[in-house]
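Following: one structure in structure tokens, then a few remarks.
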Amino acid sequence: MEQEQLRQVQLQMAQQVEVCTEGEGYFPQGSDIYFTMDIQYEGDFAHIAIVVNDFKESISECYVQTLPVEVEYVPGFFAFREGPLLKQVIEKIIKETDYYPQLLIIDGHGIAHPRRLGLAAWLGVKLGIPAIGCAKRTLLKYEVEKPTVRGAFTTIWHEGEEVGVVLCTQNEVKPVYVSVGHRIALKTAINIVLSLATSYRQIEAIRMADQKARLLAKGVTNGVVVLS
DNA sequence: GCGACAG
DNA sequence: ATCTTGTCGC
């Protein structure tokens, strides 16, 4: 029953998601800052890392914080578990530093979700900031041949809607799943992911956040700013 | 009832 | 996400 309530919340919030057509919405500028993030779990604690970067590569900093986990993971309701935690840390960084993100890139889905409200869409709407979902696995069920040439992609259709793409970021490497989170066009999101996934399957900054979160979980905080 | 199921 | 060994390769 609680599940049904959350389902209703998703449907309501999904109406607030702004999906832009090509040429409209957010477009990266060299000085723009984008936040990337990841969480490592250990018992009842979430070790969170948020990496701050700008498109001209003159900024690269990492902020970390450990917070108690309060919501269990349920497929399709991921945003209710990680969303509040990430939102809290993002707002803290905005408040305590001079950094404000023009874009959020999340390791998870945007609208490529049963009710169009993956974590990237949830965060984008809650914070009112453009967002992109770039997941390593799909949530929706569909059948398409996976592209194997860097830059190639296949559209993911769900209930008659174009909700994202299966994108190959490195030749002969498993693809990633890109979808709009908020205030951006799918085409722009694809180009951004491709430009930031220079050497590996996943975007460099997301890998960095993943690594920093793992280190934080082990008590290693060299080179990062520990928030409290 | 059984299996699938972002992180 | 996490539980887990070795192994191949740059």
Value in whole Å for how far the [atom2] atom of [N] lies from [atom1] of [X]:
X	N	atom1	atom2	answer
Asp210(A)	dT2(C)	CG	C1'	13 Å
Phe77(A)	dC5(B)	CZ	C1'	12 Å
Arg137(A)	dA6(B)	CZ	C1'	7 Å
Leu139(A)	dC5(B)	CG	C1'	7 Å
Gln3(A)	dC5(B)	CD	P	17 Å
Lys136(A)	dT2(C)	NZ	P	10 Å
Leu86(A)	dA1(C)	CG	P	14 Å
Lys174(A)	dA6(B)	NZ	P	12 Å

Counting heavy atoms from C-beta on, name the nucleotide in [options] closest to the side chain of [X].
X	options	answer
Gln40(A)	dT2(C), dG7(B), dA6(B)	dT2(C)
Arg214(A)	dA6(B), dT2(C), dC5(B)	dT2(C)
Lys141(A)	dA6(B), dA4(B), dG7(B)	dA4(B)

Any side-chain heavy atom of [X] within less than 4.5 Å of one from [Y]?
X	Y	result
Glu204(A)	Ser199(A)	yes
Asp38(A)	Arg214(A)	no
Thr221(A)	Leu216(A)	yes

Identify whether any heavy atom of [X] sits under 4.0 Å from a base atom; if not, whether one sits that close to sugar-phosphate; answer base, sugar-phosphate or nothing.
X	value
Leu119(A)	base
Gly133(A)	nothing
Phe80(A)	nothing

Quick one: does Glu18(A)'s side chain have a donor or acceptor within less than 3.5 Å of a partner on His182(A)'s backbone?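 Looks like no, no N/O pair under 3.5 Å.
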Can you tell me how the ring of Phe80(A) sits relative to the ring of Trp122(A), calling it parallel under 30°, perpendicular over 60° and tilted otherwise?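 If you compare the ring of Phe80(A) with that of Trp122(A), the planes turn out perpendicular.
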Quick check, does Tyr73(A) stack with dG7(B)? I mean ring centres under 5.5 Å and planes off by under 30°.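 Stacking between Tyr73(A) and dG7(B): present.
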